[in-house]
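Here's the structure we're looking at; comments come further down.
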Amino acid sequence: MTQQRDPVPAPAALAPAPAVTTRPEEPAPGRHRRRSYRDRLTAPLPGVRAVTRLAREAGALRPGTEARRDVPLLPCAPAPLPPAGPGVLALTWAGHASWILRIGGLTVLTDPVWSHRILGTPPRVTPVGVPWASLPPVDAVVISHNHYDHLDAPTLRRLPRTTPVLVPAGLGRWFRRRRFTRVHELDWWQGREIGGVTFDFVPAHHWSRRGLLDTCRTLWGGWVLTDPQGRKVHFAGDTGYGHWFTEIGRRHPGIDLTLMPIGAYAPRWWLRDVHCDPEEAVAACADLGARRMAPMHWATFLLSAEPVLEPLTRVRAAWARTGRPREDLWDLPVGGSRTL
C-alpha cells in the first residue's frame, strides 16, 4: 500500500518564520497532559432526554425548504485582498469562522476551513471568499477548538509544517502527529508573542469533541490579538453567551474589534448554551467593551434550522436598537474586507 504524502508547500510560502516569545510571567510552551476539561463547561452537555427529543423532531438541525429559499441571496463578494503594510490592521472573511487577519505585519488565519464539505455537514452554500492560491505567506494560525467545522485537516495540510500554530490546551498532539514543528498549546489566560503580535487565549462557552471517546479532552476558547500599536482584535471562536465576555473585557480593555458568531442557533432549546443568537452576539460585544463587531459563523454551512438570511437581519436590528454607530457593525459579505 502506497503511503499518501502531504503536498509540498510552494516556495513562496517558505518565508522566514517570525520569532516567538513567552512573556516572563508565563510558563514555557509545553504539552498539556490533563485527561479532561469537563470542569471548564459552563453548561451541562445534552443528556439522553435532549438527544431523544432531537431524534424525534426530524430535521430539527437543518433549515426546511422554505427556510432555504434565500440561499441565492446570501451576501458573497470575493475580491482581492486589500494592501496591508506593517502598520495596517486589515481583515477579510473567507466564510464561517475563517478570517485572514493582517496585523502587525503578520498574516494570521483563524480556524481555516477551505474545504467544500466537512464531515457530517452539508456542503458550503457560498464559495470560499479568498482562493487559497491568493493568500500571502501565512505567519500564524489560531484554532478555537477541535470541532470539524473549525479544525479542518485537509486545509491545514496545505500549510508548511513550520507555520506557528496556536491551539487550545490538549490539542497540540493532533498537530505534532501531523508533523507541525511550532505548536503552542495555551490554557485560558495564557499568551504568546509572535513577531511583535501578542496572542492571548481566552475562555468561551462551548465544548470539544472530535471522536466518540474524546469529549472535552481538549480545551476550547477564543483569542485576543494585540498589535505593536496596542490595537486589539477579539476572535470569539464558537461560543454561547455568558459571563466570560465581561471578564475578557476587564482583562483586555480597549478591544477595537470583535469577530462574533451570529448563526447556528435554532432550535434554541438545543443550541442556546453553545451558540450565540444575533441579539446575544450584540450583547457580548457590549460586555467586551469592543468598539466594533464583525459577524461570522453564518452564510457558509447550514448547521441549524433558522432561515438562512435571518442571522443578518436580526443582528442589524439588534445593533440599531443599541444606538451605536452603524459603521461599527462590519457585516461583511463572504470575501469582504475592511481596514482599521
Side-chain angles (χ1 to χ4, degrees), residues 43 46 50-51 53-78 93-99 111 113 115-129 144 147-150 204-206 236-242 258-286 293-322 324 326 328-336 338:
V51 173
R53 178 181 174 183
L54 187 69
R56 188 168 61 246
E57 297 178 6
L61 282 180
R62 295 290 182 268
T65 302
E66 184 72 11
R68 290 174 55 96
R69 72 181 188 280
D70 290 332
V71 166
L73 302 178
L74 287 169
C76 184
W93 190 32
H96 203 50
S98 302
W99 296 87
D111 288 0
V113 178
S115 297
H116 176 66
R117 182 190 289 271
I118 53 178
L119 184 66
T121 301
R124 301 178 85 104
V125 293
T126 51
V128 181
S144 65
H147 287 160
Y148 281 86
D149 58 321
H150 294 259
H205 298 271
H206 207 62
D238 207 354
T239 183
Y241 180 70
T258 179
L259 314 178
M260 187 64 64
I262 65 167
Y265 52 79
R268 210 72 197 110
W269 65 265
W270 176 257
L271 293 168
R272 179 183 304 278
D273 294 327
V274 293
H275 289 161
C276 290
D277 66 22
E279 293 79 14
E280 289 169 337
V282 172
C285 178
M293 185 178 104
M296 64 173 184
H297 206 267
W298 79 286
T300 309
F301 299 106
L302 301 184
L303 302 176
S304 57
E306 69 268 9
V308 295
L309 283 175
E310 184 180 277
L312 182 62
T313 57
R314 284 176 58 175
V315 79
R316 287 174 172 172
W319 190 268
R321 287 193 294 270
T322 69
R324 301 179 68 167
R326 177 63 179 84
D328 289 342
L329 178 64
W330 289 10
D331 47 347
L332 301 177
V334 175
R338 289 290 290 271

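These numbers come from a predicted model, not from an experiment.
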Where is the tightest heavy-atom contact between A284 and M260, given as atom of each residue plus distance? CB-CE, 3.9 Å
Counting distance only, does the side-chain N/O of H275 pair as donor-acceptor with the main-chain N or O of Y265 below 3.5 Å? no
Whether the side chain of E310 engages the backbone of P307 through a donor-acceptor N/O pair (distance < 3.5 Å, no angle test) should be reported. no
Looking at R68, I'd like to know if its CZ atom is crowded, meaning that more than 12 non-hydrogen atoms belonging to other residues, nucleotides or ligands lie closer than 6.0 Å. no
D111 and S144 side chains, donor-acceptor separation under 3.5 Å: yes
Of the non-hydrogen atoms in A266 and E306, which two are nearest, and what is the gap between them? N-OE1, 3.2 Å
Atom CG of L74 and atom CZ of R124: how far apart are they, to the nearest 0.5 Å? 12.0 Å
Decide side chain to side chain contact (heavy atoms under 4.5 Å, CB included) for H150 and D238; before the verdict, give the C-alpha distance in whole Å, the side-chain angles of both, and the deciding distance to 0.1 Å. CA-CA 8 Å; H150 294 259; D238 207 354; 3.2 Å; yes
Just do the side chain to side chain contact (heavy atoms under 4.5 Å, CB included) check on V125 and V308 with the steps written out, would you? CA-CA 10 Å; V125 293; V308 295; over 6 Å; no
Nearest-0.5 Å distance, CG of residue L332 to SG of residue C76: 12.0 Å
Does A299 offer a backbone N or O that forms a donor-acceptor pair with the side chain of T126 under 3.5 Å? yes
Going through the distances and angles, do D331 and W93 end up as a side chain to side chain contact (heavy atoms under 4.5 Å, CB included)? CA-CA 10 Å; D331 47 347; W93 190 32; over 6 Å; no
Any Lys/Arg nitrogen of E280 or R268 sitting under 4.0 Å from an Asp/Glu carboxylate oxygen of the other? yes
Check against side chain to side chain contact (heavy atoms under 4.5 Å, CB included), L329 and R316: CA-CA 8 Å; L329 178 64; R316 287 174 172 172; 4.1 Å; yes
Please report the closest heavy-atom contact between W269 and A50, naming both atoms and the distance. CH2-O, 3.6 Å
Determine, for W319 and R326, whether the Lys NZ or Arg CZ falls below 6.0 Å from the six-membered ring centre while staying within 45 degrees of the axis. no
Are any side-chain N or O atoms of T239 and backbone N or O atoms of H206, one a donor and one an acceptor, separated by less than 3.5 Å? no
Hey, could you give me the CH2/CD1 distance between W298 and I262, rounded to the nearest 0.5 Å? 6.0 Å
Once rounded to the nearest 0.5 Å, what's the spacing between atom CG of L303 and atom CD1 of I118? 6.5 Å
For residues A281 and C276, report the shortest heavy-atom separation together with the two atoms involved. N-CB, 4.1 Å
Non-hydrogen side-chain atoms of V51 and L54 separated by less than 4.5 Å: no
Under 3.5 Å, side chain of T300 to main-chain N/O of G95, donor-acceptor pair present? no
How close do A236 and P261 get, counting heavy atoms only, and between which atoms? CB-CD, 3.7 Å
Beyond-backbone contact of W330 with M293, side-chain heavy atoms, under 4.5 angstrom: no
Please check if the distance between the ring centroids of F301 and H96 is under 6.0 Å. yes
Any idea which heavy atoms bring P123 and R117 closest together, and the distance? CD-NH2, 3.3 Å
Can you measure from NE2 (H297) to CG (L259) and round to the nearest 0.5 angstrom? 13.0 Å
